[in-house]
Amino acid sequence: MRSADTDRGAPDETGQSVRERVYELRKLKETVRLGADPEATGRQHAKGKLTARERIGLLLDEGSFHEVEALRRHRATGFGLEAKRPHGDGVVTGWGTVHGRTVFVYAHDFRIFGGALGEAHAEKIHKLMDLAGAAGAPLVSLNDGAGARIQEGVTALAGYGGIFRRNTQQSGVIPQISVMLGPCAGGAAYSPALTDFVFMVRETAQMFITGPDVVQAVTGERISHNGLGGADVHASSSGVAAFAYDSEAECLEEVRFLLSLLPSNNRELPPRERGDDPADRPTGALLDLVPADANRSYDMRAVIEEIVDDGGFFEISPDWAANIVCALARLDGHVVGVVANQPSVLAGVLDIGASNKAARFVQFCDAFNIPLVTLVDVPGFLPGVDQEHGGIIRHGAKLLYAYCNATVPRIQLILRKAYGGAYIVMDSRSIGADLSLAWPANEIAVMGAEGAANVIFRREIAAADDPDAVRAQRIKEYRGELMHPYYAAERGLVDDVIDPADTRAALIRSLAMLRAKRAEMPLRKHGNPPV
């Protein structure tokens, strides 16, 4: 009887032993890993960009990456492709861990066909997306590609279609994060737009449907790639990107941090991380942070810092629609989503941008079992022709729909003023908040006392010998009767009026009570939200 070692050493019909074949395999995989063209790697580095595998190495825990279909090659012929069939076909796919939890990742390899997508390239991504969905683990795409591979024609376009369909099917099932590290033009930009969060690196990453040359040819406008679709444009103007960073290393480290706050899928709760911040820590500093005068501004982020664990939170889209703050934070180690008006920007009013930003964030939190804490200090919706013609009714309804549709634990806290429709939209009890808390200085009304008195008593004021005195008296009466701090509590629309120093403890107690909340929605295929 021959030993296994003897069999491995014996040649096969080609004259090669198993050991020789294993040696060839190792050499091939090492060539694929390093890249067949060292000059292409040098060109990538000269642009200030890392290679696909270097990026994966920064994203994942060290040594955890397992590659899938590393030896895949395209089968296209013609237009020069038959002479160049590199292994991997311009995309690296696989899985690893981030903080010990499984994460799937694919990264375009710009050194091969400029990262352009062809049939084999797309099928590798399709396979990985299907694996991520089956495993119930987050998917991160590292984008640096030139779009569809022109030489492969419609099969490349069909490949993108398969990606878009999977992005949509897995939306709300597993977290999907897009990291833009190079160009992304045309239809390719729609995959990142379908994911939960888009990260971009300044100077090297751009996203647009039609590039600067097309824009100039059609409209006559001259603009640079970054001016048209750079990181700062999308992080502050369009809202397409949630984050913009100066370097790839910083960007990928922040992706890792975001993943640490998220559950792996919609069947799990976000991971709890116990800290040293006591649950009953007093928050008396809030009395000094928030002015009693409702017309004075302050930075809501300082309020959030005082309330959450160790003062830390991860703000979403900080540079876009800054009149509302959306952030992930922890309370007693549990992840919460915070939505808060920002009085230091546009007095904290709701407008088109703020409504869109908050609505998407509320939907994300609801999809992934993240409780919502809404901090309210809102004077109303922003008035103006531009807002009305821009569809503030439709866009404001998005936030209303998102809250009404959310089944996670929801707590509203009214700090100062909450006027008109904006009060309702900011997760009031009437649209389904589980608990509504308020500080003693709260003012909840259809509008401010001055405006209300001018409407209700306009004839009396106009006919008075001393209109200013009458107006002042009626304002005082209105405020005393309908806007005193306990009016809403007396009618059951606020559950408790609390000392600001007890805010953190009250929120943590309330969230603990709601942790086992179960809510059933009406049987339906899906709703029809305003878009």
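Every heavy atom of this structure was used, including side-chain atoms; hydrogens, water molecules and symmetry mates were not.
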Cation-pi geometry met for Lys49 and Phe110 (6.0 Å, 45°)
yes
Minimum heavy-atom distance Ile209-Ala189, with the two atoms named:
CD1-CB, 4.2 Å
Can you tell me how far CG of Asn341 sits from CG of Leu415, rounded to the nearest 0.5 angstrom?
9.0 Å
If you take all heavy atoms of Ser236 and Trp320, which pair is closest and at what distance?
O-CD1, 3.6 Å
Residues which pass salt bridge (Lys or Arg N to Asp or Glu O under 4.0 Å) with Arg272, listed by chain and number, not counting sequence neighbours:
Asp332
Considering only NZ, NE, NH1 and NH2 on the basic side and carboxylate oxygens on the acidic side, decide whether Asp277 and Arg504 come within less than 4.0 Å.
yes
Value rounded to 0.5 Å, distance of CG in Leu58 from CG in Leu142:
10.0 Å
Distance, nearest 0.5 Å, that separates CG of Leu50 from NE2 of His45
6.0 Å
Whether Glu67 side chain and Val92 backbone form a donor-acceptor pair below 3.5 Å
no
With rounding to the nearest 0.5 angstrom, report the CD1 to NE2 distance, Ile352 to His395.
5.0 Å
Between Val91 and Ile112, is the side-chain contact (heavy atoms from CB on, under 4.5 Å) condition met? List the steps.
CA-CA 8 Å; Val91 65; Ile112 298 175; over 6 Å; no
Are side-chain heavy atoms of Ser428 and Ile431 found at a separation under 4.5 Å?
yes
Contact check, side chains of Leu382 and Ile392, non-hydrogen atoms, under 4.5 Å:
no
Quick one: closest heavy-atom pair of Ala241 and Ser317, and the distance?
O-OG, 4.2 Å
Can you say whether the rings of Phe368 and Phe364 are parallel (under 30°), tilted (30 to 60°) or perpendicular (over 60°)?
tilted
Is there a side-chain contact between Val103 and Thr97, using heavy atoms and a 4.5 Å cut-off?
no
Electrostatic pair Asp434-Lys517, nearest N-O below 4.0 angstrom
yes
State the OH-NZ distance between Tyr106 and Lys127, to the nearest 0.5 angstrom.
16.0 Å
Do Ile223 and Gln216 have side chains that approach each other closer than 4.5 Å (heavy atoms only, starting at C-beta)?
no
Salt-bridge present (Asp89, Arg149; N to O < 4.0 Å)
yes
Could you check, using the six-membered ring where one of them is a Trp, whether Phe197 and Phe361 have ring centers closer than 6.0 angstrom?
no
Asn265 side-chain N/O to Arg267 backbone N/O, donor-acceptor pair under 3.5 Å:
yes
Does Leu413 form a side-chain contact (heavy atoms from CB on, under 4.5 Å) with Val376? I'd like the steps, not just the answer.
CA-CA 6 Å; Leu413 173 63; Val376 184; over 6 Å; no
Salt bridge or not for Asp366 and Arg410, using N-O below 4.0 Å?
no
Can you tell if the side chain of Met180 reaches within under 4.5 Å of the side chain of Pro192, non-hydrogen atoms only?
yes
Side-chain contact test, heavy atoms from C-beta onward, threshold under 4.5 Å: evaluate it for Phe208 versus Thr210 and give yes or no.
no
Under 3.5 Å, is there a donor on one side chain and an acceptor on the other for Thr155 and Glu119?
no
Mind listing the closest non-hydrogen atom pair of Ala244 and Asp232 along with its distance?
CB-OD1, 4.2 Å
Any non-hydrogen side-chain atom of Val425 less than 4.5 Å from a side-chain atom of Leu350?
yes
Does the side chain of Asn369 come under 3.5 Å of the side chain of Asn266 through a donor N or O and an acceptor N or O?
no
Atom of Ala402, atom of Ala359 and distance for their closest heavy-atom approach:
CB-O, 3.6 Å
Could you tell me which non-hydrogen atom of Phe381 sits nearest to which non-hydrogen atom of Ala422, and how far apart they are?
CE1-N, 3.6 Å
Should Arg111 and Thr51 be marked as a side-chain hydrogen bond (donor to acceptor under 3.5 Å, both in side chains) after you check the CA-CA gap, both sets of side-chain angles, and the distance that decides it?
CA-CA 8 Å; Arg111 301 172 301 170; Thr51 65; 5.2 Å; no
Pair Arg55 + Asp144: basic N to acidic O under 4.0 Å:
yes
Residues at least two apart in sequence or cross-chain that pass side chain to side chain contact (heavy atoms under 4.5 Å, CB included) with Ala512, listed by chain then number, are Arg515
Could you walk me through whether Leu346 and Asp351 satisfy the side-chain contact (heavy atoms from CB on, under 4.5 Å) test, starting with their C-alpha distance in whole Å, then the side-chain angles of each, then the deciding distance to 0.1 Å, before giving a yes or no?
CA-CA 9 Å; Leu346 295 176; Asp351 61 1; 3.9 Å; yes
Calculate, to the nearest 0.5 Å, the distance between atoms CE and SG belonging to Met521 and Cys404 respectively.
8.5 Å
Check: Thr168 main-chain N/O paired with Ser171 side-chain donor or acceptor under 3.5 Å:
no
By side chain to side chain contact (heavy atoms under 4.5 Å, CB included) - contacts of Asp246 (at least two apart)
Arg202, Glu250
Which residue, Leu128, Val105, Leu131, forms the side chain to side chain contact (heavy atoms under 4.5 Å, CB included) with Thr93?
Leu128
Under the criterion side-chain hydrogen bond (donor to acceptor under 3.5 Å, both in side chains), I'd like the reasoning laid out for Asp299 against Gln342: C-alpha separation, chi angles, the key distance, then a yes or no.
CA-CA 7 Å; Asp299 190 345; Gln342 175 56 291; 2.8 Å; yes
Walk me through whether Asn143 and Ser141 qualify under side-chain hydrogen bond (donor to acceptor under 3.5 Å, both in side chains).
CA-CA 6 Å; Asn143 297 270; Ser141 62; 3.0 Å; yes
Any donor-acceptor pair under 3.5 Å linking the side chain of Lys357 with the backbone of Ile324?
yes
Does the pair Thr195 and Ile177 meet the rule for a side-chain contact (heavy atoms from CB on, under 4.5 Å), with working shown?
CA-CA 6 Å; Thr195 60; Ile177 298 173; over 6 Å; no
Using a 4.5 Å cut-off on heavy atoms from C-beta on, say whether the side chain of Val198 contacts that of Met200.
yes
Donor-acceptor contact below 3.5 Å, side chain Gln176 vs main chain Val173:
no
Could you tell me how the ring of Tyr245 sits relative to the ring of Phe199: parallel (under 30°), tilted (30 to 60°) or perpendicular (over 60°)?
parallel
Sidechain-backbone polar pair: Asp61 side chain, Ser64 backbone, donor-acceptor under 3.5 Å:
no
Can you check whether Gly230's main-chain N or O pairs, donor with acceptor, with His225's side chain at less than 3.5 Å?
no
Does Asp309 use its side chain to pair, donor to acceptor, with the backbone of Gly333 at less than 3.5 Å?
yes
With distance as the sole test, does Arg330 use its side chain to make a donor-acceptor pair with the main-chain N or O of Val336 at under 3.5 Å?
no
Between Phe164 and Tyr190, what is the ring plane arrangement, given parallel below 30°, perpendicular above 60°, and tilted in between?
perpendicular
Keeping Arg166 on the side-chain end and Gly162 on the backbone end, is there a donor-acceptor pair under 3.5 Å?
yes
